[in-house]
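Inspection log for the structure reproduced underneath, given as structure tokens.
Per chain, numbering begins at 1; letters A, B, ... match sequence-line order. Quantities reported herein were computed from a predicted structural model and do not represent experimental measurements.
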Protein chains: 2
Amino acid sequence: MIQTPSPRHPDGRKQRSERSRQAIVDAMLEIIMGGKMEPSAAEIAEKAGVSARTVFRHFEEMDSLYSEMTERMEAEIMPIIQQPFTGEGWRAQLDQMIERRAMIYERVMPLKIAASIRRFSSDYLMLNYERFVHLERTGLESLLPSAIRKDSTLFSAIEMCAGFQTWRRLRQDQGLTTQQAADVVRLTISRLVD
Amino acid sequence: MIQTPSPRHPDGRKQRSERSRQAIVDAMLEIIMGGKMEPSAAEIAEKAGVSARTVFRHFEEMDSLYSEMTERMEAEIMPIIQQPFTGEGWRAQLDQMIERRAMIYERVMPLKIAASIRRFSSDYLMLNYERFVHLERTGLESLLPSAIRKDSTLFSAIEMCAGFQTWRRLRQDQGLTTQQAADVVRLTISRLVD
DNA sequence: GATTTATTGACATTCATAGTGTCAATATAT
DNA sequence: ATATATTGACACTATGAATGTCAATAAATC
């Protein structure tokens, strides 16, 4: 990360550099959101309006680019995740969490898929994938009553239902709409906790 | 597929060719089952004890190799799938189907993952992926009573629980044992159908 | 406006992978 | 011994990830 000393009017050359860098990440996001799961550096460069050499001036390797993209995505969804629940009681809060996750997963789906299909050839992406699954689990642990948490089969079932890959399967593999997918997750989880 | 006229004693040269071909598919399976999700043609050739050129003599492209691997896998699991259910009633048969699927999914998991991470850059693998999901669905449709089939939310929930990607998530992402994963699937489906 | 400094473009290059053409080497059949 | 099929070895192309180098361009300074 470039540490800028924040002068009164920053260096125009440094601003140009930062514009290039952001354009590259923007291009990556646009290409993946547009449905191409495996953009090449050349494609990203072309969309960003820079040369391929410049892509590798700003990002040491493709993994760095995925990393920046992930940070951008997480910066976007963190405010949603960190919002306190308004519901009274864990059931109402669980409902809210499911609702939020549906929205979040829908938003980041192409990016998550793009990263996940590369995870076997990238230590960084594999660790990041595992970290996300871990966050999914701890998010539930912080919410569910101890009786459910202690029942590992039940807890794992809820964790499975509330995870990104399950959402992706409902939406992409089973072809459900956002509403239908949300209905399926709600139904399954309600049967498990009741 | 090579159409052999089945002579009394087949041509030694043709037998040699067939041995090479099987060695290549065997090598592919061994490398993937050994945990390397993205074997290169060079790696496959080396393990098969043939040259890389020979790999591309027998298989026009890598997709053809995945195709043969898939056929090999399906030939192996078809007898299990086609076995008639012994249980009385759809609930008992559903239990048996879940049991069989757990076994089948466990067996083919590395191959399925290896194929699935390439599906966005291969029409063949994408179609094959979608065909598999379709088979998962129709397998359930042939078994479940019409009341459940008509409730699309409920049916989709069961379909989700009984699918390969859910099994993969439980085993790989959530780190459950085969037994624990089967317990989760049984619990979730029993809550849905009861 | 000239000069300096930083950023980028253009190009050649390497390495890995998928894939192909060609010819010699080897295995098998006659 | 000769003919035929299969394969190995090698050179090659294309694509993608990545790097080195130098000129072109943009921005800052004098």
Take the protein atom [atom1] of [X] and the nucleotide atom [atom2] of [N], then report the distance between them rounded to whole Å.
| X | N | atom1 | atom2 | value |
| --- | --- | --- | --- | --- |
| Ile24(B) | dG19(C) | CD1 | C1' | 14 Å |
| Ile44(B) | dA18(C) | CD1 | C1' | 11 Å |
| Glu61(A) | dC15(C) | CD | P | 18 Å |
| Glu38(B) | dA17(D) | CD | P | 13 Å |
| Phe56(B) | dG19(C) | CZ | C1' | 5 Å |
| Met28(A) | dG16(D) | CE | C1' | 14 Å |
| Glu18(B) | dA27(C) | CD | C1' | 17 Å |
| Asp11(A) | dT8(C) | CG | P | 12 Å |

Can a salt bridge be assigned to the pair Glu136(B) and Arg169(A) using a cut-off of 4.0 Å between side-chain N and carboxylate O?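 Counted as a salt bridge, because a side-chain N and a carboxylate O are separated by less than 4.0 Å.
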
Check the phosphate of [N] against [X], side-chain N and O only, distance under 4.0 Å to OP1 or OP2. Yes or no?
| X | N | value |
| --- | --- | --- |
| Ser51(A) | dT8(C) | no |
| Ser20(A) | dT8(C) | yes |
| His58(A) | dT7(C) | no |
| Lys14(A) | dT7(C) | yes |

Go through Ser20(B) and His58(B) one step at a time and tell me if the side chain to side chain contact (heavy atoms under 4.5 Å, CB included) criterion holds. CA-CA 8 Å; Ser20(B) 293; His58(B) 289 280; 3.6 Å; yes

Choose from dG9(C), dT6(D), dA18(C) the nucleotide whose nearest atom is closest to any side-chain atom of Ser17(B). dT6(D)

Any idea which of dT7(D), dA17(D), dT17(C) is nearest the Ser40(B) side chain? dT17(C)

Can you work out whether Arg19(B) or Arg16(A) has the more 5'-proximal nearest nucleotide on DNA chain D?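 It is Arg19(B), whose closest nucleotide lies nearer the 5' terminus.
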
What about [X], does its side chain sit under 3.5 Å from the base of [N] through a donor-acceptor pair?
| X | N | value |
| --- | --- | --- |
| Arg57(A) | dG9(C) | yes |
| Arg53(B) | dG21(C) | yes |
| Arg13(B) | dT30(C) | no |

On a heavy-atom basis, which atom in Arg119(B) and which in Ser116(B) lie closest, and how many Å separate them? NH1-O, 2.7 Å

Closest-nucleotide mapping onto DNA chain C: is Glu60(B) or Gln15(B) further toward the 5' terminus? I mean the 5' end. Glu60(B)

Side-chain donor-acceptor pairs of residues 24-42 of chain A under 3.5 Å, sequence neighbours excluded:
from, atom 1, to, atom 2, distance (Å)
Asp26(A), OD1, Arg72(A), NH1, 3.1
Asp26(A), OD1, Arg72(A), NH2, 2.9
Glu38(A), OE1, Ser121(B), OG, 3.4
Ser40(A), OG, Glu43(A), N, 3.1
Ser40(A), OG, Glu43(A), OE1, 3.2

Taking atom types as modelled, find out whether Gln179(B) and Asp183(B) have a side-chain donor-acceptor pair closer than 3.5 angstrom.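 Yes, side-chain donor-acceptor contact under 3.5 Å.
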
